[in-house]
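These values consider heavy atoms only, across backbone and side chains, with no hydrogens, waters or symmetry-generated copies. For ligands, and for the atoms within them, numbers begin at 1 and follow the listed sequence. Just so you know, residue 1 is the first one in the sequence shown, and it goes up from there.
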Amino acid sequence: MSLMAATSTTVSASRLVSTVSSTGELSSSWSRGAGWTSTSNRVLFHRGNRRRSSWIEIRAVSTTSTPSSRPSADQTERLAKLNELLAEVAKTAASTGPRGAVRLAQGIEAVASIGAEWLLQQTQGAQIAASSRTPFALDPPGPRQLRKLFEKLGATYIKLGQFIASAPTLFPDEYVKEFQSCLDKTPPVPFNQIQAIIRQDLGRRIEDVYEYIDPQPLASASVAQVHAARLKESQKDVVIKVLKPGVEDTLTVDLNFLYISAKVLEFLNPQISRTSLVAIVGDIRASMLEEVDFRKEAVNIEAFRNYIEDTGSTRLATAPFVYRHCSSRRVLTMERLFGSPLTDLDSLRSIVPNPEATLINALNVWFGSLIACETFHADVHAGNLLVLKDGRVGFIDFGIVGRISPATWVAMETFLQSIGTNQYSAMAKALVTMGATAETVNIDNFAGDLEKIFSAVQELDSDLLVTAAGVPGGATTVAASLDFDEQQVNALLLEVIRVSESYGLRFPREFGLLLKQLLYFDRYTRLLAPGLNVFDDDRVQISAGRDTTYYPPSSYGSAR
Ligand SMILES: Nc1ncnc2c1ncn2[C@@H]1O[C@H](COP(=O)(O)OP(=O)(O)OP(=O)(O)O)[C@@H](O)[C@H]1O
């Protein structure tokens, strides 16, 4: 294929026009005067009109001399790929429409403000260095700036940040660690906008469905806002989770952008395609779209409720009943659970004198759901596990769920049992089964490395117990020590993954999600029931869904 044949395509979209001339010059322009032009070694970005315009030029500097002006087969192929990519960019940009331009402006503003902050810090650093006559080294923008940028960019990027934090099998350590603290607290949307969404989605007058809705939200995060309410007919107390306005638009634009970025990255660095970047983007896309469709969350909640009923454990645990007649894609009306977060030790002790039984039951119910339900609750943190006034454990927020295949679960089971019994060879074999690899792994060496990691954990445990014991019963202080502990959990998870990867293993994302949840439970246990070892206690049924025995809270002296 000749160069000209490969590049003589014209791509057009409603607003963005991208052309490739017969001389090989590629150009693109928006109808309002912005655009870009590229030749083989130069890209010019243009913005403005005839009177005022500005150009940015990016020049490719070749480090090797070109022996001949005839393109090689490789170059021709890349040019053809570039052409395909441009066609895809144009198509995606067109489908994104004017929302894209607005979002682009927001993006530029966010980048500029984080950039300015970074520049200020560097300038201050340089001034201090100059006055103290010490050498100054520029601190390049890194994970911290990216995390702050994501927080500024809102919903999609905050979720993306949380995805990165939950996927140490896919992303580098420093980013996984930094994104653990990606804040998902955004100012509430005015109540009249929330009412408008409820009205539109339910297609009824609010006063016909609800006795009242508290205008003051219970919670407001980037994607949803939660309001307490009461149903009109049944007079039941409920909460309404409402998708914030504009979230879907932002998501469409941002996901398109992510998709294009993945494509561009793959084009620029073909090595990347080997790490299946597009598959990762697909995973991100699917999990985000699931989280903003509350009908999916309703299905997850109901599956969990059915499982609780089928296993006869309704006296021990619950999840909110979903009121389907007043729920939709953007509105989720569910039973309001009154309780205290599992980590609020003071309130917890006033409800259940001995929290150990409550915790064991929560664990057994959750383990059981891993196999019995199609999805498992993959976001059981302090705020999403409530201890209700009657002593039951309430599971809320089924927005993030994981799926685990039976094959992975079998290996996971062996892995968990080996943690409890310190059998590192068994642990190494289980990890090799889960992490697909064509290489032959030296099990003895791998087991030795794992042993080093897990012995370090024993030391962490004693640190944690001292922290917890030194607290004079205040819930805030206990929560603070848990925050600290979260970092340790993540560090341990990252360590297991890093060592495994050094043996050529790559785990599915579900492994990371599952292991992280288990480690959290392990940490909670050490606070709430120091005598219990999650991984090696007969009362904890890791063998999910098989002969699960539940322990009546009375047998451990707790009140219900
Ligand atoms: N069924 C419920 N009963 C009582 N309170 C609830 C219920 N559902 C949600 N809440 C309250 O609303 C808060 C936010 O709910 P939820 O976690 O479902 O939303 P979210 O937007 O996914 O928040 P995040 O991801 O930050 O946890 C909860 O922490 C809890 O305080």
Side-chain angles (χ1 to χ4, degrees), residues 150-151 154-163 165-166 179-189 194 197 210 213-214 216-231 236-248 250-251 287-302 304-305 308 317-324 326-327 329-344 347 377-390 392-402 475 479 483 486 513 516-517 520:
F150 276 24
E151 283 173 358
T156 324
Y157 288 84
I158 289 173
K159 292 291 159 199
L160 176 61
Q162 292 174 342
F163 180 90
S166 74
F179 280 102
Q180 304 292 345
S181 52
C182 196
L183 292 175
D184 191 6
K185 292 283 162 279
T186 43
V189 167
I194 295 292
I197 293 176
Y210 303 99
I213 303 177
D214 188 347
Q216 200 63 34
L218 279 176
S220 168
S222 58
V223 165
Q225 188 156 314
V226 179
H227 287 262
R230 181 167 290 161
L231 290 178
K236 297 270 189 202
D237 284 315
V238 292
V239 297
I240 317 174
K241 189 166 170 176
V242 181
L243 189 71
K244 285 189 170 176
V247 166
E248 283 164 298
T250 313
L251 206 71
S287 72
M288 279 187 190
L289 291 175
E290 273 194 16
E291 228 190 308
V292 296
D293 183 347
F294 292 159
R295 289 171 304 191
K296 297 254 167 61
E297 185 164 345
V299 169
N300 295 337
I301 297 175
E302 283 169 351
F304 193 79
R305 281 180 61 87
I308 289 177
T318 190
F321 176 84
V322 176
Y323 292 93
R324 285 281 184 168
C326 40
S327 295
R329 193 169 49 82
R330 295 187 296 171
V331 176
L332 181 60
T333 304
M334 55 188 153
E335 172 190 359
R336 182 171 182 188
L337 300 181
F338 292 94
S340 305
L342 201 64
T343 45
D344 181 348
S347 316
H377 191 310
D379 196 19
V380 183
H381 59 68
N384 289 342
L385 262 190
L386 305 177
V387 179
L388 310 189
K389 290 199 175 113
D390 58 8
R392 285 179 304 162
V393 180
F395 289 78
I396 58 168
D397 191 4
F398 286 74
I400 299 181
V401 291
D483 273 351
E486 279 189 21
L513 275 178
K516 193 168 159 185
Q517 285 297 277
Y520 275 136

Per-atom contacts of ligand 1 with [X], taking only distances under 4.0 Å to non-hydrogen atoms:
X	result
Asn384	17 (O)
Pro320	1 (N)
Ala219	12 (O), 13 (C), 14 (C)

- Aromatic rings Phe179 and Phe150: how do their planes relate, parallel, tilted or perpendicular, breaks at 30° and 60°?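 Phe179 and Phe150: tilted rings.
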- Query: Out of Val223, Val226, Val238, whose heavy atom sits nearest atom 12 (O) of ligand 1?
  - Reply: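 Closest candidate by heavy-atom distance is Val226.
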- Item | Option with minimal heavy-atom separation from atom 1 (N) of ligand 1, where the choices are Arg336, Glu297, Glu335 |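 Answer by nearest heavy atom: Glu335.
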Do you know which two heavy atoms are closest between [X] and [Y], and how far apart they sit?
X	Y	value
Phe398	Asn300	O-ND2, 3.2 Å
Thr333	Cys326	OG1-O, 2.5 Å
Ala229	Ile240	CB-CD1, 3.7 Å

With backbone taken as N, CA, C and O and side chain as the heavy atoms from C-beta onward, which portion of [X] lies under 4.0 Å from ligand 1: side chain, backbone, both, or neither?
X	value
Leu386	neither
Lys241	side chain
Asp397	both

- Message: Less than 4.0 angstrom from a charged side-chain N to a carboxylate O is my criterion; do Arg330 and Asp293 meet it?
- Response: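 Looking at Asp293 together with Arg330, the answer is no, because their closest N to O distance does not fall below 4.0 Å.
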- Quick check: does Leu337 get an N/O under 3.5 Å from an N/O on ligand 1?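 Yes, at least one N or O pair falls under 3.5 Å.
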- Charged tip of Lys236 within 45° of Tyr323 ring normal and under 6.0 Å: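 No; the conditions do not both hold, so Lys236 does not lie above the ring face of Tyr323.
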- Message: Go through it in stages, so that I can follow the logic: the residues are Arg329 and Glu297, the test is salt bridge (Lys or Arg N to Asp or Glu O under 4.0 Å), and I'd like the CA-CA distance, side-chain angles, deciding distance and then a yes or no.
- Response: CA-CA 9 Å; Arg329 193 169 49 82; Glu297 185 164 345; over 6 Å; no
